[in-house]
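Remarks on the structure that follows.
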Amino acid sequence: KIQTAFPGTVPLNISKMNQSSCNITADENFPLVQLCVYIPLLLLGILLNVLALWVFCCKLSKWTETRVYMVNLAVADCLLLFTLPFKMLSQFQQMKADRWCLILEGGYFINRLMSIGIITVVAADRYVAIKYPLKAKALRSALQAAFASGFLWIIIICAISLIKMVESREHDKFCFEKSSVKPSVITLCAIIGGFFIPLIVVIYCSTQVIAELLRKKNENCHKERLI
């Protein structure tokens, strides 16, 4: 029989045992939870992206700027869907942090940056089209949208490849895992350049587009009253 110093209290060794068993149970269930999230995401992503590529590439007659950007966005999502099964597999069978792992991790991050980049370019494209409608005819075209998308792909692939080559993975044994919790300077620069700068551009372009549309609406209302 285990006695305690104070009545109604739980012995310290029993409390530690319960806490450790709860931690083990949580660690064991976490991969299953991730699997329940990843499988529907993978199936739904394949269905919707194949449907989007079929519509944009086969069903529409004229190539526009929006069509070019949406095709590139779907291709970037397909890149994520390619890496997702390997990420699911790594939850149950640890993959070594070798060259193939670096390629998978690179594809995973290329998708993120490419998706953010396409959304940023679309926001800037809409800003130019509404704010400067006369200049937009010379600046906007499907061919220039293709060049902009290709430029984004080249820049992002080169940047991620350079980061993966410079990044120290000597202490990392497994894929999609980092043993060090200390963020590196490269990671910090990638977050600032790949997320916060595009966020500022999107917010600025969106607010300017809304302001311009409201201004034109007020002008039209004023003209109708004069008539």
Side-chain angles (χ1 to χ4, degrees), residues 41 45 48-49 52-53 56 63-84 87 101-169 172 175-178 180-215:
L41 183 65
L48 294 179
N49 280 282
L53 288 172
F56 285 119
W63 281 91
T64 61
E65 301 86 5
T66 303
R67 185 179 176 185
V68 172
Y69 292 136
M70 291 302 103
V71 168
N72 280 273
L73 191 60
V75 172
D77 286 343
C78 290
L79 187 60
L80 172 65
L81 296 174
F82 171 74
T83 62
L84 207 54
K87 198 170 190 312
C101 168
L102 295 180
I103 293 173
L104 291 175
E105 288 182 349
Y108 185 78
F109 289 111
I110 286 170
N111 161 259
R112 288 187 179 185
L113 294 179
M114 191 64 195
S115 299
I116 294 172
I118 290 292
I119 293 172
T120 306
V121 172
V122 169
D125 180 74
R126 289 284 174 256
Y127 168 75
V128 172
I130 294 174
K131 189 76 173 179
Y132 307 102
L134 297 178
K135 294 181 180 180
K137 294 181 180 179
L139 295 175
R140 298 173 70 243
S141 68
L143 183 61
Q144 290 179 342
F147 277 122
S149 301
F151 180 74
L152 266 179
W153 278 107
I154 293 172
I155 291 297
I156 290 173
I157 290 174
C158 290
I160 294 296
S161 300
L162 184 62
I163 289 173
K164 288 299 174 182
M165 286 190 294
V166 175
E167 190 179 33
S168 177
R169 299 295 298 271
D172 298 335
C175 195
F176 295 107
E177 291 183 4
K178 265 185 89 69
S180 175
V181 295
K182 184 179 179 181
S184 62
V185 177
I186 299 173
T187 305
L188 185 62
C189 293
I191 291 172
I192 294 173
F195 180 76
F196 286 107
I197 293 177
L199 179 64
I200 294 171
V201 173
V202 170
I203 291 174
Y204 174 78
C205 291
S206 300
T207 52
Q208 290 296 312
V209 166
I210 293 171
E212 186 66 18
L213 291 175
L214 290 175
R215 186 185 67 81

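Just so you know, these numbers use all the heavy atoms, side chains as well, and skip hydrogens, waters and symmetry mates. Along the sequence shown, the residues carry numbers beginning at 1. If you're wondering where the values come from, they're calculated on a predicted model, not measured in any experiment.
Within the structure, no pair that satisfies the salt bridge (Lys or Arg N to Asp or Glu O under 4.0 Å) test touches residues 147-161, not counting sequence neighbours.
For L139, the side-chain contact (heavy atoms from CB on, under 4.5 Å) partners two or more places apart in sequence, or in a different chain, are V128, K135. Applying the side-chain contact (heavy atoms from CB on, under 4.5 Å) criterion to I203, with sequence neighbours excluded, gives L199, T207. By the side-chain contact (heavy atoms from CB on, under 4.5 Å) test, Q144 is found to be paired with S141, residues two or more places apart in sequence or in another chain being considered.
A pairwise comparison of heavy atoms in A142 and V68 identifies O-CG2, 3.8 Å as the closest pair. For C78 against N49, the heavy-atom pair with the smallest separation is SG-CB, 4.0 Å. Closest of all the heavy-atom pairs between D77 and S115 is OD1-OG, 3.8 Å.
Atom-to-atom distance recorded for L80:CG and K87:NZ is 10.0 Å, nearest 0.5 angstrom. How far CG of L104 is from CG of L84: 11.0 Å, rounded to the nearest 0.5 Å. From I103, atom CD1 reaches atom CD1 of I110 across 10.0 Å, with rounding to the nearest 0.5 Å. Here the CD-CD1 distance, from Q208 to I130, works out to 11.5 Å after rounding to the nearest 0.5 Å.
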Side-chain polar contacts of residues 147-160 - donor-acceptor pairs under 3.5 angstrom, sequence neighbours left out - could you list them?
from : atom 1 : to   : atom 2 : distance (Å)
S149 : OG     : N72  : ND2    : 3.4
S149 : OG     : A145 : O      : 2.9
W153 : NE1    : N72  : OD1    : 2.8

Show me the donor-acceptor pairs within less than 3.5 Å that the side chains of residues 117-126 make with the rest of the protein, sequence neighbours left out.
from : atom 1 : to   : atom 2 : distance (Å)
T120 : OG1    : I116 : O      : 2.7
D125 : OD1    : R140 : NE     : 2.8
D125 : OD2    : R140 : NE     : 3.2
D125 : OD2    : R140 : NH2    : 3.0
R126 : NH2    : T66  : OG1    : 2.7

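In this pair, Y132 and Y127 present their aromatic rings perpendicular. The plane angle is above 60°, beyond the 30 to 60° band.
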